[in-house]
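Let me begin by presenting the structure, written as structure tokens, before commenting on it.
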Amino acid sequence: MVQIVPFRGLRYHPDTAGTELSALTAPPYDVIPAELQQDLYKRSPYNVIRLILNQKESTDRPEGPNGYTRAGEFFTQWQASGILQPDANPGLYAYTQTFEENGQSITRKGFFALLKLEALGQERGVLPHERTLGGPKEDRFKLMQATQANLSPIFMIYNDPQFTLENAGLYNQGQAHWQTVSSEDEGPVEHRICPVTEPALLEKAKNLLAQQAILIADGHHRYETALSFKQAVRERLAKDPQHQHLAQLPDGELLSDYALIFLANQADLAGLRVYPTHRILLELPEGWSIDRLESRLLDCFEKVSDPSLADMVYVGSDPWQQNSYPWALRLKKPALVASLPPAMQNLDVAILDQVVFREVFGYSADQLKTEHILFFERDEAALQQRIEKGEFKSVFYMKTPPLDLIRQVCEEGHRMPQKSTYFYPKLLSGLVFASHCRFEGTEHSLSNTSNLTVQAVPSGLFQNSATVSV
């Protein structure tokens, strides 16, 4: 069963942070290139980049000091100096993102909450749709150890065709309570956030989600990391004589049993934008040439004149310009995908992984990525620039996966290949944080509207644990 709870979010205080919120926030860590990281550092000494993606320094050591320990120190210092302050009352946080697409203004609506962590797919509660890699999870785990907090939300989707919370006024809070941030880093987007503390609304949201199976849209690595951290906290407490009693608390009674999430309604199709992520081969596996690849492609696929009837569109780097690109390719040997779940046999990213990567190359996508052969690109303009500059060997254009197909795959217990989807716009980091520790000088209760008794994790629990494997 899905269990969400309100919380007292840590937020930037305008008087002490000394600048507009737009100078303090950032895109998610995994879409920040090096140039933007430098720019974010310059915008403010309190920009969230110092927490979510601290710069590497020549003196960094695995056991510390390093980027993780510096992030932890900043997080502690900013709370002590009032840069970050907890809200007085627990609540949910309404969040809207307004952007333009093809000249049309679009608004995505959702809200931040804490989610009680459960095993993925347990009782059809939390459904993943993509595979994950070990490296990003280890990275986020170290950061969570150092800060003992959720710094960035996990993007999740529920489905309510009755628009229960929208009709109840979740997004109709008084204008004076909203904070607005204009961001240009991913494209022009207006972000607005507002705390919602009305007990009736909080109860309505909790009851609605308890009846749902929710889908992870973005943040699979963060969810699995939070699960690992939840277990690590219990193990650490059990070894600490002063706090062993906390390790015995039932599931859901420690703040580390929860993760910060953002929830959007799947029924609000106008606001949910999903884009494909295209595949680029910057090199070919050892022993492969373009001629050999294209010969094998034509063994498995046929060219069609109508791209809408194709499973994928291919562009190759032919130095002699002997071939007319692009190729619209349709699978001509269905047996090649017979091992895939039925719901994924017509999914282009799954066909590419199964037929081209595994059958033709004999590699998994993870292996190709690890060897720096495979890269992902959402922005078609950026992809076209690579093609024009010849910075590729092969490109495979993907289609937008329908939301109902994504949910079907999840509900059947399957996972799509990594980066099968790109939900736009990304959630802004730095709008609200969820600490696992007690706020200095103030009680850190989750909610006075629930019957939960939730306790904070002792601060500094992982102070001497700079490295870990998960």
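Each residue takes its place number in the sequence, starting with 1. Values below: every heavy atom of this structure, side chains too, minus hydrogens, waters and symmetry copies.
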**Q.** Backbone N/O of Met398 and side chain of His278: donor-acceptor pair under 3.5 Å
**A.** yes
Q: Would you please indicate if the ring centroids of Phe357 and Tyr363 are separated by under 6.0 Å?
A: no
**Q.** Step-by-step side-chain hydrogen bond (donor to acceptor under 3.5 Å, both in side chains) determination, Gln408 to Glu412
**A.** CA-CA 6 Å; Gln408 180 186 350; Glu412 292 178 0; 3.2 Å; yes
**Q.** Polar side-chain atom of Tyr12 near backbone of Val48 as donor-acceptor pair, under 3.5 Å
**A.** yes
Q: Assess the side chains of Gln248 and Gln244: does a donor N or O sit below 3.5 Å from an acceptor N or O?
A: no
Q. With respect to Pro195, which candidate in Gln173, Arg8, Arg11 satisfies the side chain to side chain contact (heavy atoms under 4.5 Å, CB included) definition?
A. Arg11
Q. If you measure from the Lys or Arg side-chain nitrogens to the Asp or Glu carboxylate oxygens, is any gap between Arg386 and Asp379 under 4.0 Å?
A. no
Q) Does a side chain donor of either Thr98 or Thr107 reach within less than 3.5 Å of an acceptor in the other side chain? A) yes
Q. Would you say the side chains of Ser459 and Gln148 form a donor-acceptor pair under 3.5 Å?
A. no
Q: Go through the steps for Phe99 and Tyr424 under the test ring-ring contact (aromatic ring centres under 6.0 Å, His included), then give the verdict.
A: CA-CA 10 Å; Phe99 57 99; Tyr424 180 86; 5.2 Å; yes
Q) Does any N or O in the side chain of Lys230 come within less than 3.5 Å of the main-chain N or O of Leu117, such that one atom is a donor and the other an acceptor? A) yes
Q) Which word best sums up how the rings of His129 and His220 line up, parallel for under 30°, tilted for 30 to 60°, or perpendicular for over 60°? A) perpendicular
Q | Carboxylate-amine/guanidinium proximity below 4.0 Å for Glu130 and Arg415 | A | no
Q.
Please determine whether a side-chain nitrogen of the Lys or Arg among Asp257 and Lys116 lies less than 4.0 Å from a carboxylate oxygen of the Asp or Glu.
A. no
Q: Output yes when a side-chain donor or acceptor of Gln79 lies under 3.5 Å from a complementary backbone atom of Phe75, and no otherwise.
A: yes
Q) Just how far is it from atom CD1 of Ile216 to atom CD1 of Ile406, taken to the nearest 0.5 Å? A) 13.0 Å
**Q.** Distance-only polar pair, side chains of Arg70 and Gln55, donor-acceptor under 3.5 Å
**A.** no
Q | Electrostatic pair Arg236-Asp240, nearest N-O below 4.0 angstrom | A | no
(Q) Before we go on, tell me: are the rings of Phe229 and Phe462 under 6.0 Å apart, centre to centre? (A) yes
Q. Under 3.5 Å, side chain of Asn150 to main-chain N/O of Ser152, donor-acceptor pair present?
A. no
Q. Would a distance-only check, ignoring hydrogens and angles, find a side-chain to backbone donor-acceptor pair under 3.5 Å from Asp218 to Ile154?
A. no
Q. Under the 3.5 angstrom rule, does the side chain of Asn89 hit a backbone N or O of Thr197 as a donor-acceptor pair?
A. no
Q.
Between the side chains of Lys239 and Glu235, is the shortest nitrogen-to-carboxylate-oxygen separation below 4.0 Å, so that they form an ion pair?
A. no
Q.
Tell me if a side-chain donor or acceptor on Arg279 pairs with a main-chain N or O of Thr277 at a distance below 3.5 Å.
A. yes
(Q) In this structure, is the centre-to-centre distance between the rings of Tyr95 and Phe262 below 6.0 Å? (A) yes
Q: Side-chain contact test, heavy atoms from C-beta onward, threshold under 4.5 Å: evaluate it for Pro458 versus Leu237 and give yes or no.
A: yes
Q. How about Phe396 and Asp348: do any of their side-chain heavy atoms sit closer than 4.5 Å?
A. no
Q: Kindly assign one of parallel, tilted or perpendicular to the pair Phe74 and Trp78, based on the angle between their ring planes and the thresholds 30° and 60°.
A: tilted
**Q.** Minimum heavy-atom distance between Arg50 and Asn54, given as atom pair plus value
**A.** O-ND2, 2.9 Å
